[in-house]
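Keep in mind it's a predicted model, so treat the numbers as computed, not measured.
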Amino acid sequence: MGGQCRPARLDETAKPPTDGHIRIGSNTKTFAATATLRLVAEGALDLDAPAAEYLPNLGLDLGITVRMLLQHTSGIFNFTGEYYEDGTFAPGIPATTAGREWVDNRFHTYRPEEVVRLALSKPSRFEPGTDWSYSNTNYVLVRLLIENFTGDSLANEMQRLVLGPLGLTGTSLPETETGLAEPHAHGYYRYEEDGGQKMVVDVTRQNPSWISTGGDMISTTHDLHTFISSLTGGKLLPPRCWPRCADRTPKRVTASASSYRTWVRTLARWLLTMVVWRVMRR
């Protein structure tokens, strides 16, 4: 398979480091879900308990369970903005769909409770457990749930439950830290000004609190390979946990939507495998 990579910076010719630090986006959700399921395996959390039992001060619908947060079946509004079937868009905080507004606000600090309360002030998409809709809010709630239940930060619990046992020294939860550890490539954001002028901005440094546990973690290809292979290989969750964590697809989710999600998951795994394979060959 051919191809070539771009330089680590647009103004330089050096190639990106093969195992540099990268912002891993929504792979953060997989780490957070794994930490949650490790607590379930310890007998500490109940997947089918109302999330409000662990977060009593947010006014959550009592029909929303911990499982629904993990599976995006809570119906809670997505704080980074919500797309509807009729093509309309309901904005949340300025996120990466917002162009110049996101660029100008990328160092702003958002508290997890702040984005959750914004989402809860909006109408729910559907009754809990009756449908599926991707929402970053679910995983900020998972973060708050873990912290409120354990009395410790998610960073410390993630270290105890996942990062430490696997020796993932290149993986971190930056919270409000704007930089990345060396080595790393630079990341760029393209948007169009009102007058049509196309802009390219180096956004390597940004305050990831705007996305929180929806996608704030930093890792390396080596650590991601170790994590995914350990998770799928049964090293992180005991066999007795898998039947309890099995998918419960809401009745209103069509077969095509379910198939689409399966295809996306399969593609993501394939892409990760190919990236790691190419890195290891160098």
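Looking only at side-chain heavy atoms (C-beta outward), E177 and I218 stay at 4.5 Å or farther from each other. Side-chain contact between T18 and T221 is absent, with no heavy-atom pair separated by less than 4.5 Å. At least one side-chain heavy atom of M158 sits less than 4.5 Å from a side-chain heavy atom of L173. In this structure, R190 and M199 have side chains that are not in contact, with every pair of non-hydrogen atoms separated by 4.5 Å or more. Side-chain contact check for L231 versus T30: some heavy-atom pair is nearer than 4.5 Å. In this structure the side chain of P56 reaches within 4.5 angstrom of the side chain of N148, judged on heavy atoms. Using a 4.5 Å cut-off on side-chain heavy atoms (C-beta onward), L60 and L120 make contact. Proximity of L236 to L161: side-chain heavy atoms (C-beta onward) are nowhere separated by under 4.5 Å.
Residues P128 and G63 share a closest heavy-atom pair of CB-O, 3.6 Å. Of all heavy-atom pairs between F77 and S135, the closest is O-OG, 3.3 Å. For T130 against E127, the heavy-atom pair with the smallest separation is OG1-O, 2.7 Å. The nearest pair of heavy atoms linking Y139 to A32 is CD2-CB, 3.9 Å. The two residues A181 and H21 make their nearest non-hydrogen contact at O-ND1, 3.2 Å. Closest non-hydrogen pair, S219 versus T171, comes out as OG-OG1, 2.7 Å.
If you take CG on D48 and CG on D46, they are separated by 6.0 Å, rounding to the nearest 0.5 Å. In this structure, R38 CZ and L45 CG are separated by 13.0 Å, a value rounded to the nearest 0.5 Å. Atom CE of M217 is separated from atom OG1 of T28 by 5.5 Å, given to the nearest 0.5 angstrom. Note that CG of D19 and CG of L224 are 9.0 Å apart. Values are rounded to the nearest 0.5 Å. The distance from the CG atom of L163 to the CZ atom of F31 is 6.5 Å, given to the nearest 0.5 Å. With values rounded to the nearest 0.5 angstrom, N78 atom CG is found 7.5 Å from S133 atom OG.
Between W210 and W102, the ring planes are perpendicular. Angles over 60° get that label, and only those under 30° would be called parallel. Ring geometry for Y83 against F89 counts as tilted: the plane angle lies between 30° and 60°, on a 0 to 90° scale.
The backbone N or O of N207 lies less than 3.5 Å from no partner atom in the side chain of T176, so there is not a single donor-acceptor pair. Between the side chain of T150 and the backbone N or O of D152, at least one donor-acceptor pair lies under 3.5 Å. With hydrogens and angles disregarded, no donor-acceptor distance shorter than 3.5 Å links the side chain of S212 to the backbone of G214. The backbone N or O of E101 lies less than 3.5 Å from no partner atom in the side chain of D104, so there is not a single donor-acceptor pair.
Enclosure of atom CZ in R160 by more than 12 non-hydrogen atoms of other residues, nucleotides or ligands within 6.0 angstrom is indicated.
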Q: May I have the step-by-step check of side-chain contact (heavy atoms from CB on, under 4.5 Å) for V116 and L141, ending in yes or no?
A: CA-CA 7 Å; V116 165; L141 282 164; 3.7 Å; yes
**Q.** Full working for side-chain contact (heavy atoms from CB on, under 4.5 Å) between E157 and L39
**A.** CA-CA 10 Å; E157 284 300 301; L39 289 171; 4.2 Å; yes
Q.
Between F149 and L55, does the side-chain contact (heavy atoms from CB on, under 4.5 Å) criterion hold? Intermediate values first, please.
A. CA-CA 8 Å; F149 179 76; L55 294 168; over 6 Å; no
Q) Between T204 and H186, is a side chain to side chain donor-acceptor pair (under 3.5 Å) present by the stated rule, with each step listed? A) CA-CA 5 Å; T204 307; H186 280 239; 3.3 Å; yes
Q: Start with the C-alpha gap between Y188 and V201, add the side-chain angles, then the distance that decides, and say whether side-chain contact (heavy atoms from CB on, under 4.5 Å) holds.
A: CA-CA 5 Å; Y188 297 85; V201 181; over 6 Å; no
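Under a hydrophobic clustering in which Ile, Leu, Val, Met, Phe, Trp and Tyr are joined whenever their side-chain heavy atoms come within less than 4.5 Å, directly or via other members, L154 and Y110 fall into the same cluster. Follow the hydrophobic side-chain contacts under 4.5 Å out from I22 and you never reach L180; the two are in separate clusters.
Residue T178 forms a side-chain hydrogen bond (donor to acceptor under 3.5 Å, both in side chains) with just one option from R205, R106, Q206, and that option is R205. When each of N138, D131, T137 is checked for a side-chain hydrogen bond (donor to acceptor under 3.5 Å, both in side chains) with H72, only N138 meets the rule.
The pair D216-R143 meets the salt-bridge criterion, with a side-chain N (NZ, NE, NH1 or NH2) lying under 4.0 Å from an Asp/Glu carboxylate O. Checked for salt-bridge contact, E82 and R125 meet the test: a charged N lies under 4.0 Å from a carboxylate O.
Residues D86 and T88 bring a donor and an acceptor atom of their side chains to less than 3.5 Å of each other. Defined by atom type and a distance below 3.5 Å, a donor-acceptor pair is present between the side-chain atoms of N136 and K29.
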